[in-house]
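Please read the structure below before turning to the comments.
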Number of protein chains: 2
Amino acid sequence: MSEFLDKAAEKYHPGLSVDCVIFGFHENELKVLLLKMKHTSKWALPGGFVEKNEHIDLAAIRVLENRTGLKDIFLKQFYTFGDPDRHDHEMDLELFKQSGRDPVKDHWFLQRFITMGYYALIEFSKASPRPDDISDACEWKSVDELPDMILDHREIADKALDTLRFQINYQPIGHKLLPVKFTMPELQRLYETILGKELDRRNFQRKMLAYGILKDLGERRKGGAHKAPYLYSFDVKKYNAALKIGLKGSW
Amino acid sequence: MSEFLDKAAEKYHPGLSVDCVIFGFHENELKVLLLKMKHTSKWALPGGFVEKNEHIDLAAIRVLENRTGLKDIFLKQFYTFGDPDRHDHEMDLELFKQSGRDPVKDHWFLQRFITMGYYALIEFSKASPRPDDISDACEWKSVDELPDMILDHREIADKALDTLRFQINYQPIGHKLLPVKFTMPELQRLYETILGKELDRRNFQRKMLAYGILKDLGERRKGGAHKAPYLYSFDVKKYNAALKIGLKGSW
DNA sequence: ACAAAAGTGTTAGGCTTACACCCATGC
DNA sequence: GCATGGGTGTAAGCCTAACACTTTTGT
């Protein structure tokens, strides 16, 4: 950490960061990957800084890969947060203390920061969450029960979810968040958690099939209680074509 | 300009700017306010820098007010452009030359810049466009015939229009772009230019009236050729309430 | 057998689409 | 009067919303 503070000023673009809202879907819940900050009870979005000559999207990809161990992650920039009061001077000083140094006036790290929000959609089971230098845990938290978060990270997470909801007919939500094979009820739960409301089972199924973006695999998911549901997978070509003009219909 | 370059480094946040896509509606065309750069034939979006302790939204508002003479402008941040290659070193050096100084290595102005795009909706007739220090003209250009623009400004303008189109059912497009009193055909032309396609006159009218967001003023617009159309104005309260959940319907 | 989950079907009503007809105005 | 733009109306078809019935599976 101490070394990082020394080199940061020459390596990174000043006063600029990226924060990632990483969505995953597990046990019928939409979840976000959060880091628990060392020495506090607060949580944070995975984030990082932008190198001086680096594309901002790449900075986000770096963060994503480091926290999840995944490559080729689907991500979208959704908003830039630039309130001058969004830093927490107390916290900054605390971090300096922990690194065993005195806070230097006008240090790169102590200035005002503007952060660019990205959201990512990943397949839950494939990720291997790992904490970074300043955190001691990395966990999935349900969007319905987000813990206390540092700075404006709660606002960032909320805005990401709003954006996801707004773009639901234009982004490959299902394809990126679900495993290759999935059942219709699973897809429905996903839509329900994103939209935050219940949908009619039968109408949902008819509508989804009408889009023509699903392939019926003919198999059934065995093992569960009750009647075994069919397995589907996305016809990626048709799915993407349909998303371009937007899936029709209001939810 | 020379003085600006001297003071910029201490006044402004490094490597960060805002660019505004200002939309206006006039003579049945959707237009964007552009600046013609001095000593070149290229055009640019009105833009500016972010002061060290200024909210990024305020920086955009400053730009807007300076270029249009208007206050209380409707504006939305829509995307941040962070390609490291988005600067134009040639142009930077030219600006230095024109200010009568030698380009200093590592000067504030010569570093890589990240820009935050905002779009604004204003009532055409109320604006008083005026150029800034580095431009010698300020004109409205139709979105259908945008001239050559510097850097990635064309991309920024296009993305703004895409966003506007995407959000058409959720933003007070009509209320902000049209004068207080307007006719149904005028409102339709506005929708048509934003959407980039023709709409059926009769269906448009029925749908708009069904929303219940218009007040029929009972008057007619006299003077024009042909039958005099009725004048309407927005019922702002109902309009805003309707926008919150989104105007229903696909265009 | 029973509860719970999943597959399939039906119908009324609303919205979209595609039209036809009449009115007003300037040339 | 005629071309053009504007106001009003109607019918077919599609989509949505609401709801009933049957099938499968573990207990």
Side-chain angles (χ1 to χ4, degrees), chain A residues 27-29 168-170 174 178-179 181-193 195-233 242 245-251, chain B residues 25 27-29 168-170 174 178-179 181-193 195-233 242-243 245-251:
Chain A
E27 291 176 339
N28 284 339
E29 283 190 330
I168 196 164
N169 284 339
Y170 299 86
L178 294 174
K181 298 180 178 185
F182 55 90
T183 67
M184 192 63 77
E186 283 165 0
L187 182 59
Q188 187 183 338
R189 303 285 173 276
L190 173 58
Y191 270 74
E192 288 179 334
T193 33
L195 295 169
K197 66 176 176 189
E198 296 192 350
L199 300 171
D200 184 284
R201 207 163 47 86
R202 300 149 283 196
N203 293 335
F204 180 84
Q205 164 138 337
R206 184 172 336 105
K207 197 165 173 176
M208 270 296 157
L209 291 176
Y211 288 144
I213 60 177
L214 296 179
K215 283 187 291 193
D216 188 336
L217 299 176
E219 317 165 43
R220 286 171 179 266
R221 163 146 303 160
K222 300 164 190 170
H226 318 300
K227 186 170 180 176
Y230 288 111
L231 284 169
Y232 293 90
S233 105
I245 53 172
L247 300 177
K248 280 175 196 167
S250 56
W251 299 101
Chain B
F25 190 66
E27 289 175 342
N28 285 339
E29 282 190 331
I168 195 165
N169 285 338
Y170 299 86
L178 293 174
K181 297 179 178 186
F182 55 89
T183 68
M184 192 62 79
E186 283 165 359
L187 183 59
Q188 186 182 339
R189 302 283 173 277
L190 173 58
Y191 269 74
E192 287 180 335
T193 34
L195 294 169
K197 65 177 175 189
E198 296 191 350
L199 301 171
D200 184 283
R201 213 162 44 86
R202 300 149 284 196
N203 294 335
F204 180 84
Q205 164 138 337
R206 184 172 338 105
K207 197 164 172 176
M208 270 295 159
L209 291 176
Y211 287 144
I213 60 177
L214 295 179
K215 283 187 292 191
D216 188 336
L217 299 175
E219 317 164 44
R220 285 170 180 268
R221 161 145 306 160
K222 299 163 190 171
H226 318 301
K227 184 170 180 177
Y230 288 111
L231 285 170
Y232 293 90
S233 108
L243 287 173
I245 54 170
L247 299 178
K248 279 173 196 168
S250 57
W251 300 100

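Fair warning: this is a prediction, and the values are worked out from it, not measured in the lab. Chain letters run A, B, ... following the sequence lines, proteins first, then strands; residues in each count from 1.
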Without decimals, in angstroms, what is the distance between [X] [atom1] and [N] [atom2]?
X: Lys248(A); N: dT16(D); atom1: NZ; atom2: P; result: 10 Å
X: Glu198(A); N: dA17(D); atom1: CD; atom2: P; result: 15 Å
X: Arg221(A); N: dA6(C); atom1: CZ; atom2: P; result: 11 Å
X: Arg206(A); N: dT16(D); atom1: CZ; atom2: C1'; result: 9 Å
X: Asn28(A); N: dA5(C); atom1: CG; atom2: P; result: 11 Å
X: Lys197(A); N: dA17(D); atom1: NZ; atom2: P; result: 8 Å
X: Arg201(A); N: dA4(C); atom1: CZ; atom2: P; result: 14 Å
X: His226(B); N: dC27(C); atom1: NE2; atom2: C1'; result: 10 Å

Inset, instruction - Return the nearest nucleotide to the side chain of Arg189(B); candidates are dG26(D), dG6(D), dG7(D). - result: dG6(D)

Inset, instruction - Please state whether the phosphate of dT16(D), meaning OP1 or OP2, lies under 4.0 angstrom from any side-chain nitrogen or oxygen of Lys207(A). - result: yes

Legend entry - Phosphate OP1/OP2 of dA6(C): any Gln205(A) side-chain N/O under 4.0 Å: no

Legend entry - Given DNA chain C, 5'-ward residue of the pair Thr183(A) and Lys227(B), judged by closest heavy atom: Thr183(A)

Legend entry - 5' priority, DNA chain C, between Tyr211(B) and Asp200(B) [closest heavy atom]: Tyr211(B)

Inset, instruction - Determine, for Arg189(B) against Glu186(B), whether the closest basic-nitrogen to carboxylate-oxygen distance falls under 4.0 angstrom. - result: no

Test item: [X] and [Y] side chains (from C-beta on) under 4.5 Å apart, heavy atoms:
X: Thr193(B); Y: Phe25(B); value: yes
X: Leu187(A); Y: Thr183(A); value: no
X: Leu217(B); Y: Tyr232(B); value: no

Inset, instruction - May I ask you to verify whether the side chain of Arg202(B) and the base of dT17(C) hold a donor-acceptor pair under 3.5 Å? - result: no

Inset, instruction - May I ask you to verify whether the side chain of Asn203(A) and the base of dA17(D) hold a donor-acceptor pair under 3.5 Å? - result: yes

Legend entry - Spacing of CD belonging to Glu192(A) relative to CZ belonging to Arg201(A), to within rounding of 0.5 Å: 11.0 Å

